[in-house]
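Only one structure is covered here, and it is reproduced in the block below.
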Amino acid sequence: QVQLVESGGGLVQAGGSLRLSCAASGRTFSDYNMGWFRQAPGKEREFVAGIFRGGRQTIAAYALKGRVTASRDNARNTVYLQMNSLKPEDTTIYYCGADRGASIATKPGDVEYWGQGTQVTVSS
């Protein structure tokens with residue numbers, strides 16, 4: 001079992017930046033790929049960015065490339081999501097997820113463990 005706790009969400013003005021954190025506990029953190037997803041009300045959960053267990057490979061959703069970056073600190077059992085140039089349409093709940101796949105999970109169904117989410121609100 002892996003427990004994930006997100007933090008760092010809040011209210012930010014359009015054009016601003018935010019860094020989300022996700023602290024993991026329960027299993028060996030470095031065994032897991034870590035991903036960030038988001039889900040707006042009434043919509044499916046969508047992939048934002050992710051980082052491979054070793055920390056050398058990162059990926060981001062095509063539509064968000066250049067604005068979001070995942071990183072991790074295996075010594076601190078923490079994964080981060082840096083978001084820049086935020087837009088009002090980025091407003092939603094952000095979740096971190098963990099998986100042990102051969103590649104970073106980009107589909108919600110491939111994620112093994114989820115955090116409870118953190119709200120990000122971008123004002124115009």
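Computed from a prediction, not measured in an experiment: that's the story for all the values here. Basis for what follows: all heavy atoms, side chains included, without hydrogens, waters or symmetry-related copies.
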Tell me, please, which residues at least two apart from Ala70 pass side-chain contact (heavy atoms from CB on, under 4.5 Å).
Trp36, Ala49, Ile51
Glu89 CD: over 12 foreign heavy atoms closer than 6.0 Å
yes
side-chain contact (heavy atoms from CB on, under 4.5 Å) with Ser30: which residues, sequence neighbours excluded?
Thr28, Asn74
Residue pairs fulfilling salt bridge (Lys or Arg N to Asp or Glu O under 4.0 Å) with at least one residue in residues 106-124, sequence neighbours excluded
Arg100-Glu112
If you look only at pairs with a residue in residues 22-101, which of them pass as a disulfide bond (SG atoms under 2.5 Å apart), with sequence neighbours excluded?
Cys22-Cys96
Applying side-chain hydrogen bond (donor to acceptor under 3.5 Å, both in side chains), name anything that partners Arg76, two or more places apart in sequence or on another chain.
Asp73
The side-chain hydrogen bond (donor to acceptor under 3.5 Å, both in side chains) partners of Gln57 (sequence neighbours excluded) come to none
Considering only residues two or more places apart or on different chains, which pairs with a residue in residues 77-124 satisfy ring pair (Phe, Tyr, Trp, His ring centres under 6.0 Å)?
Phe37-Trp114
Holding to side-chain hydrogen bond (donor to acceptor under 3.5 Å, both in side chains), I want the full list of residues that pass it with Ser103, two or more places apart in sequence or in another chain.
none
Name all pairs fulfilling the disulfide bond (SG atoms under 2.5 Å apart) condition that reach into residues 55-91, sequence neighbours left out, sorted by first residue then second.
none
Can you list everything that forms a salt bridge (charged side-chain N to carboxylate O under 4.0 Å, His left out) with Arg67? Sequence neighbours excluded, please.
Asp90
Checking Thr121 now: which residues fulfil side-chain contact (heavy atoms from CB on, under 4.5 Å) with it, not counting sequence neighbours?
Leu11, Thr91, Gln119
Any disulfide bond (SG atoms under 2.5 Å apart) involving residues 47-95? Give me the pairs, sequence neighbours left out, ordered by first then second residue.
none
